[in-house]
Amino acid sequence: MNYLALRSIVMRCLKCIFIICLIFLLTGCWDRRELGDVSIVTGMAVDKGESFKYKLTIETTEAREMSYQTAAGLAPSTVSSLEGNNIGELTSKFNIVNATHPVYSHTRVLVISEEIVEDGLLEFMDFFDRNREIRDDFAIVVARGSNAGDILKVNNMYKKSPSLKLFTQLNTMQKEWGGAPDVKLNDYTRITNSYGQAPVLPAVKLVGDPKKGGNVENLQDMHRFLKFAICFLCKIKLKAQQ
């Protein structure tokens with residue numbers, strides 16, 4: 001066997017080995033999920049729990065009801081709640097009440113109850129800042145005079161998702177006349193880690209009967225039942241800084 005023939009055999013063997021190695025790299029995304037197996041979380045709310053430290057509420061949207069072309073008049077979103085002592089643990093346990101896997105990367109609003117703020121129980125904010133799935137561009141608001149979870153249960157005619165409506169409303173107020181501070185998660189983290197500073201967050205007030213706000217009829221006539229009202233700004237001081 002001459003040199004050229006031997007070289008040709010070696011090159012073919014190397015090509016076969018290279019192709020075999022590529023097969024293991026072309027198997028697709030290891031963590032992929034089908035759209036029918038996930039729920040898009042657009043809003044979260046944190047209240048004090050009755051049996052545990054926290055009560056976490058999430059709003060997941062129904063994609064078909066968000067479009068006027070495919071809407072069938074059903075509820076455009078689903079609100080679920082769980083109680084526990086750790087927010088990070090609760091985010092991974094919503095399969096207890098939901099059949100699909102919650103995806104938090106599209107979260108637009110985080111609502112915190114006034115009671116949580118006044119008691120300084122805000123250590124869970126570190127989880128949101130460090131979690132790789134949750135982005136840092138969602139709005140943070142304080143629920144004034146009501147439970148934070150009730151804010152996510154109010155249907156309206158302008159945006160079928162309460163979280164998306166509130167997020168759009170905050171952005172519009174800030175851009176047009178500075179009516180709400182533009183404080184996202186990264187701003188909150190930076191300010192709270194700065195000596196002598198405390199974040200200023202917008203407050204949201206629920207007007208009307210929260211039980212009627214979740215009805216589908218509220219999509220036709222929001223003013224007949226309730227509406228959101230951005231009332232004032234709330235200055236938060238962490239107990240650890242006092």
Side-chain angles (χ1 to χ4, degrees), residues 39-47 54-61 66 76-77 79 81 87 91 102-118 121-156 158-194 197-207 213 222 226-238:
S39 296
I40 305 300
V41 178
T42 55
M44 292 185 286
V46 181
D47 291 288
Y54 296 113
K55 179 181 180 181
L56 179 64
T57 303
I58 64 172
E59 180 200 3
T60 57
T61 57
M66 299 299 291
S77 62
V79 178
S81 300
I87 295 296
T91 57
V103 176
Y104 295 93
S105 58
H106 294 275
T107 301
R108 309 313 293 154
V109 173
L110 171 64
V111 186
I112 308 173
S113 69
E114 185 180 12
E115 191 177 12
I116 290 284
V117 174
E118 290 178 346
L121 302 177
L122 296 170
E123 61 269 14
F124 61 84
M125 295 298 291
D126 183 66
F127 162 75
F128 292 125
D129 184 47
R130 296 175 183 273
N131 189 282
R132 67 178 179 85
E133 184 180 352
I134 301 176
R135 298 189 297 187
D136 60 359
D137 59 349
F138 58 81
I140 307 173
V141 299
V142 178
R144 182 73 172 176
S146 64
N147 292 330
D150 291 337
I151 303 297
L152 303 182
K153 298 178 182 178
V154 183
N155 296 323
N156 62 89
Y158 304 113
K159 289 278 187 179
K160 290 189 175 182
S161 166
S163 301
L164 299 180
K165 185 262 184 183
L166 185 56
F167 180 77
T168 303
Q169 183 176 353
L170 288 170
N171 285 342
T172 303
M173 291 178 63
Q174 194 279 328
K175 292 178 180 179
E176 292 190 355
W177 60 282
D182 187 20
V183 178
K184 301 299 191 293
L185 178 62
N186 52 352
D187 302 312
Y188 176 91
T189 303
R190 174 180 53 81
I191 295 173
T192 52
N193 290 331
S194 301
Q197 297 186 35
V200 177
L201 299 178
V204 62
K205 185 177 181 180
L206 192 153
V207 180
M222 187 181 75
L226 54 89
K227 59 183 178 180
F228 286 119
I230 305 299
C231 51
F232 57 88
L233 306 181
C234 179
K235 188 173 182 180
I236 298 178
K237 293 183 179 180
L238 300 180

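To the nearest 0.5 angstrom, Ser77 atom OG is 11.0 Å from Ile58 atom CD1. Atom CG of Asp136 and atom CG of Asp129 lie 7.5 Å apart (nearest 0.5 Å). To the nearest 0.5 angstrom, Leu110 atom CG is 6.0 Å from Phe124 atom CZ. Between atom CZ of residue Arg108 and atom CG of residue Leu170 there is a gap of 11.5 Å, rounded to the nearest 0.5 Å. In this structure, CZ on Phe138 lies 13.0 Å from OG1 on Thr42, to the nearest 0.5 angstrom. Here CZ of Arg132 is found 10.5 Å from OG of Ser105. Values are rounded to the nearest 0.5 Å.
The backbone N or O of Gly149 sits less than 3.5 Å from a side-chain atom of Asp47, completing a donor-acceptor pair. At distances below 3.5 Å, at least one donor-acceptor pair connects side-chain atoms of Asp187 with backbone N or O atoms of Lys184.
Scanning both residues, Pro202 and Ile140, for their nearest heavy atoms gives CD-O, 3.5 Å. The minimum heavy-atom distance between Ala148 and Ala143, with the atom names listed, is CA-CB, 3.7 Å. Closest approach of Leu166 to Val141, counting heavy atoms only: CD2-CG2, 4.1 Å.
For the side-chain contact (heavy atoms from CB on, under 4.5 Å) criterion with Met125, the lone passing option out of Val46, Leu185, Thr189 is Leu185.
For the side-chain contact (heavy atoms from CB on, under 4.5 Å) test, residues two or more places apart in sequence or in another chain that qualify with Asn131 are Phe127, Glu133, Ile134. Here Glu123 pairs with Lys53 under the salt bridge (charged side-chain N to carboxylate O under 4.0 Å, His left out) rule; sequence neighbours left out. The ring-ring contact (aromatic ring centres under 6.0 Å, His included) check on Tyr104 picks up nothing, with sequence neighbours excluded.
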CA sep, side-chain torsions, deciding dist, call: Leu122, Ile112, side-chain contact (heavy atoms from CB on, under 4.5 Å): CA-CA 9 Å; Leu122 296 170; Ile112 308 173; 4.1 Å; yes
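Pro162 is not listed as a side-chain neighbour of Ile151, based on a closest heavy-atom distance of 4.5 Å or more. Looking only at side-chain heavy atoms (C-beta outward), Arg135 and His106 come within less than 4.5 Å of each other.
Within a 6.0 Å sphere centred on NZ of Lys175, heavy atoms belonging to other residues, nucleotides or ligands number 12 at most.
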